[in-house]
Amino acid sequence: MEKISVAEARREDAIGREVLLQGWVRTRRDSKGGFSFLEINDGSCLGNIQVVADGTLPNYESEVKRLTTGCSVAVEGVVRASPGREQPTEVYATRVTVYGWADPETYPLQKKRHSYEFLRTIAHLRPRTNSFGAVTRVRNAVCFSIHRFFQEEGFLYIHTPIITASDCEGAGAMFRVTTLDPATQQRLDDAADFFGRRTYLTVSGQLEAEAYACAVGKVYTFGPTFRAENSNTTRHLAEFWMVEPEAAFFDLEDNMNLAERFLKRIFRDVLEQCPEDMEFFNRWVDNTVIETLRQIIESEFVRLTYTEAIEILKKSGETFEFPVEWGRDLQAEHERFLTEKHFRRPVILTDYPRQIKPFYMRLNDDEKTVRAMDVLVPRVGEIIGGSQREERLDVLERRMEEMGLNKQNYWWYIDLRRFGTVPHSGFGLGLERALQFITGMGNIRDVIPFPRTPGSAEF
RNA sequence: UCCCCGGUAGCUCAGCAGGUAGAGCGAGCGGCUGUUAACCGCUAGGUCCCAGGUUCGAGCCCUGGCCGGGGAGCCA
């Protein structure tokens, strides 16, 4: 008797083996022929294993026939070829043990489809559904693929701080971190606080990653980031996961090549590793996701400058709600036009006007634009944002002054240019945005286990 | 934060020109079947989001909240 997963038991090479299966009942169908069918799922794959529980089991009447959706069980039995059409194998049970019951009168999950809105209110139980099981497996595959890609490319995985005193300017509002009690201390005294200064949850590990890139060459961070923006959309979370590679001696060209290789690698891996889950998304969520990913893997990303994009938008003849004008940031509608209508594939925009980008991006010789790059994809919009960093001490300091930043707060960052400075580049990928794109899920709250959004931190 | 839309049974929703609450699914029970979103019958189940107001009478109209969804801005 060996303990195996549902995924293993569903494979034909399991036929004939005596096994132990453990999982949760999805549904039970009785046959008055004196036996029951149990569908068992353990999360190892999308599909269930069909268990045939015969009436001769000692606990058949007392327990097996009382099993309902959500009950947890152990099944010992033999894997056989299934005469049914829906599954290659089934398990003929020699023993069924109940771990825990799930009162059908109060158990919220039924064996029919639920709305995502409802499932969000039971985020602790929604991983037991097909949809969220699939999201969970795809998310895992993507994370693994991210690590594999960077490891193979020679990047070192580094850990940048979660609690930070530095503001990666332009990245949005921050959460304060303090041990002071606002109820008893009317005015929060930074010097008296735990760290002796004002601290926040990180909005980006980029600045710290640059320090390591400027020492060990190629690095990446992959961790949680926090934004206190009061934005309520299908594409924003207050807590999300971000991948941020940073590489010394990389110019923007190298950076774009890395980003393109990176995305293609993730998409290819997910199609390979999670075919069943991807079929599920393609069937029930968005019937274009698989084809879209395949096309992207095959095609080359379009690359053009911000200035060229403005020209295309102006000549498009489209009527936009927001005006298209050089020097203004592109709106969601503009990005969508480029990726969904004009090019119909991912687009990398580069060389944005300096005034709409942060201080650390490298200034071009025209003095008007910076070496920024945004990777835009259909439906989701900006999925990657990055740049070649400003490595020239004098230019960096000048730009900080222009933007009214206090240079003392960035003394260590400036040091990286003062001592042995090198050209370097990096970018950030929002993990959940990538997952939205891959799975077709419409709301970012449904691709992270326990979403944090303004006014909502249950669970 | 702004603009729309919504909140009725466990879930998804319907509800008439304001007249006192319904369906499907789910659940319970029974029937039938190597079944597979099973099928057939019966039964139970509701502070119609909350608080005011108008009215003989409010799920429906008005006011103010709360919650959810979509879009926008900001961004990843």
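Computed from a predicted model, the values in this text were never measured in an experiment. Order of the sequence lines sets the chain letters (A, B, ...), proteins ahead of strands, with each chain counted from 1.
- Base pairing of B/G45 is not made with any nucleotide, judged by Watson-Crick or G-U wobble geometry with both donor-acceptor distances under 3.5 Å.
- Among the nucleotides B/G69, B/C74, B/U36, the one closest to the side chain of A/Q87 is B/U36.
- Between A/R261 and A/E153 there is a salt bridge, since at least one side-chain N of the basic residue sits less than 4.0 Å from a carboxylate O of the acidic one.
- Between B/G31 and B/G68, the two C1' atoms lie 42 Å apart (nearest whole Å).
- Base pairing of B/G34 is not made with any nucleotide, judged by Watson-Crick or G-U wobble geometry with both donor-acceptor distances under 3.5 Å.
- Note on A/T233: a base of the nucleic acid sits closer than 4.0 angstrom, heavy atoms only.
- In this structure, B/G6 and B/C67 make a Watson-Crick or G-U wobble pair, each of the two defining distances being under 3.5 angstrom.
- Residue A/N48 contributes atom CG, which lies 11 Å from atom P of B/A37 at whole-angstrom precision.
- Across all strands shown, B/A14 forms no Watson-Crick or G-U wobble pair with both key distances under 3.5 Å.
- Donor-acceptor pairing under 3.5 Å is recorded for the side chains of A/E210 and A/Y413.
- As a whole-Å value, the separation of A/K111 NZ from B/A38 C1' is 8 Å.
- Considering only side-chain atoms of A/P104, the nucleotide from B/U35, B/A72, B/G28 that sits closest is B/G28.
- Position along RNA chain B of the nearest nucleotide to A/Q50 versus A/G385 favours A/Q50 as the more 5'-ward residue.
- Side-chain proximity of A/F37 to B/U35, B/G73, B/C75: nearest is B/U35.
- When the P atom is compared between B/C61 and B/A37, the two are found 41 Å apart, to the nearest whole Å.
- Between the P atom of B/G28 and the CG atom of A/L67 lies a distance of 12 Å, rounded to the nearest Å.
- Considering only the side chain of A/R120, B/G69 comes nearest among B/U12, B/G73, B/G69.
- A/E244 comes within contact range of no nucleotide atom at all, as no heavy-atom separation falls under 4.0 Å.
- For B/C74, one of the phosphate oxygens OP1 or OP2 lies less than 4.0 angstrom from a side-chain nitrogen or oxygen of A/Q331.
- For A/K111 and A/T27, the side-chain atoms include at least one donor-acceptor pair closer than 3.5 Å.
- The distance between atom CG of A/L376 and atom P of B/C75, rounded to the nearest whole Å, is 14 Å.
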side-chain hydrogen bond (donor to acceptor under 3.5 Å, both in side chains) between A/H236 and A/E229, intermediate numbers included: CA-CA 9 Å; A/H236 289 84; A/E229 297 288 351; over 6 Å; no

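- Backbone-only engagement by A/F118 is indicated by non-hydrogen atom pairs under 4.0 Å involving sugar-phosphate atoms exclusively.
- Across B/U8 and B/G69, the matching P atoms stand 14 Å from one another, rounded to whole Å.
- Rounded to the nearest Å, the gap between the P atom of B/C29 and that of B/A51 is 37 Å.
- A gap of 46 Å separates the P atoms of B/C2 and B/A38, to the nearest Å.
- The side chain of A/E105 lies closest to B/A27, out of B/U33, B/A27, B/G68.
- Here the separation of B/U54 from B/C42, taken at their C1' atoms, is 44 Å to the nearest Å.
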A/D251 and A/R362: CA distance, side-chain angles, deciding distance, salt bridge (charged side-chain N to carboxylate O under 4.0 Å, His left out) verdict: CA-CA 10 Å; A/D251 61 16; A/R362 192 180 197 280; over 6 Å; no

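- Within the nucleic acid shown, A/L237 comes within 4.0 Å of at least one base atom, counting heavy atoms only.
- The side chain of A/S31 places an N or O atom within less than 4.0 Å of a non-bridging phosphate oxygen (OP1 or OP2) of B/G34.
- Residue-to-nucleotide contacts include no donor-acceptor pair under 3.5 Å from the side chain of A/R445 to the base of B/G70.
- Comparing B/G26 with B/C39, their C1' atoms sit 16 Å apart, to the nearest whole Å.
- Here A/K112 does not reach the OP1 or OP2 of B/G24: none of its side-chain N or O atoms lies under 4.0 Å away.
- Across all strands shown, A/E382 has heavy atoms under 4.0 Å from sugar-phosphate atoms exclusively, and none from any base.
- Between A/H236 atom NE2 and B/G71 atom P there is a gap of 12 Å when expressed in whole angstrom units.
- Between the side chains of A/T94 and A/E76, no donor-acceptor pair is found at a separation under 3.5 Å.
- In this entry the distance linking CZ of A/R28 with C1' of B/A38 reads 13 Å, nearest Å.
- Distance A/Q110 CD to B/A37 P: 17 Å, rounded to the nearest Å.
- Across the strands present, B/C61 finds its partner in B/G53; the criterion is a Watson-Crick or G-U wobble pair with both atom distances under 3.5 angstrom.
- When each of B/G69, B/C74, B/G28 is scored by its nearest atom to the side-chain atoms of A/R235, the top-ranked nucleotide is B/C74.
- The base of B/G73 is not paired with the side chain of A/E229 by any donor and acceptor separated by under 3.5 Å.
- An OP1 or OP2 oxygen of B/G70 is reached within less than 4.0 angstrom by a side-chain nitrogen or oxygen of A/N443.
- Considering only side-chain N and O atoms, A/S115 lies under 4.0 angstrom from the phosphate OP1 or OP2 of B/U12.
- Taking every side-chain heavy atom of A/R227 into account, B/C75 is the closest of B/G34, B/A27, B/C75.
- Residue-level contact check: A/Y107 touches neither bases nor backbone, having no heavy atom under 4.0 Å from any strand.
- Put simply, A/R113 has no side-chain N or O that comes within less than 4.0 Å of OP1 or OP2 on B/G26.
- The pair A/E279-A/R283 does not meet the salt-bridge criterion, since no charged nitrogen lies less than 4.0 angstrom from a carboxylate oxygen.
- Rounded to the nearest Å, the gap between the C1' atom of B/A14 and that of B/A9 is 13 Å.
- Nearest nucleotide to the A/T234 side chain, out of B/C75, B/G71, B/G34: B/G71.
- A/R389 and A/S387 share a donor-acceptor pair across their side chains, judged by distance under 3.5 Å alone.
- A/R336 comes within 4.0 angstrom of no nucleic acid atom, judged by non-hydrogen atoms across all strands.
- Taking the charged nitrogens against the carboxylate oxygens, A/E432 and A/R139 do have a contact shorter than 4.0 Å, which makes a salt bridge.
- Whole-Å rounding puts the A/I122 CD1 to B/G68 P distance at 16 Å.
- Residue order along RNA chain B, read from the 5' end via each residue's closest nucleotide, puts A/S456 first among A/A332 and A/S456.
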Verdict with supporting geometry, A/W326 and A/T307, side-chain hydrogen bond (donor to acceptor under 3.5 Å, both in side chains): CA-CA 7 Å; A/W326 199 98; A/T307 304; 2.9 Å; yes

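- With a cut-off of 3.5 Å on both pairing distances, the Watson-Crick or G-U wobble partner of B/U1 is B/A72.
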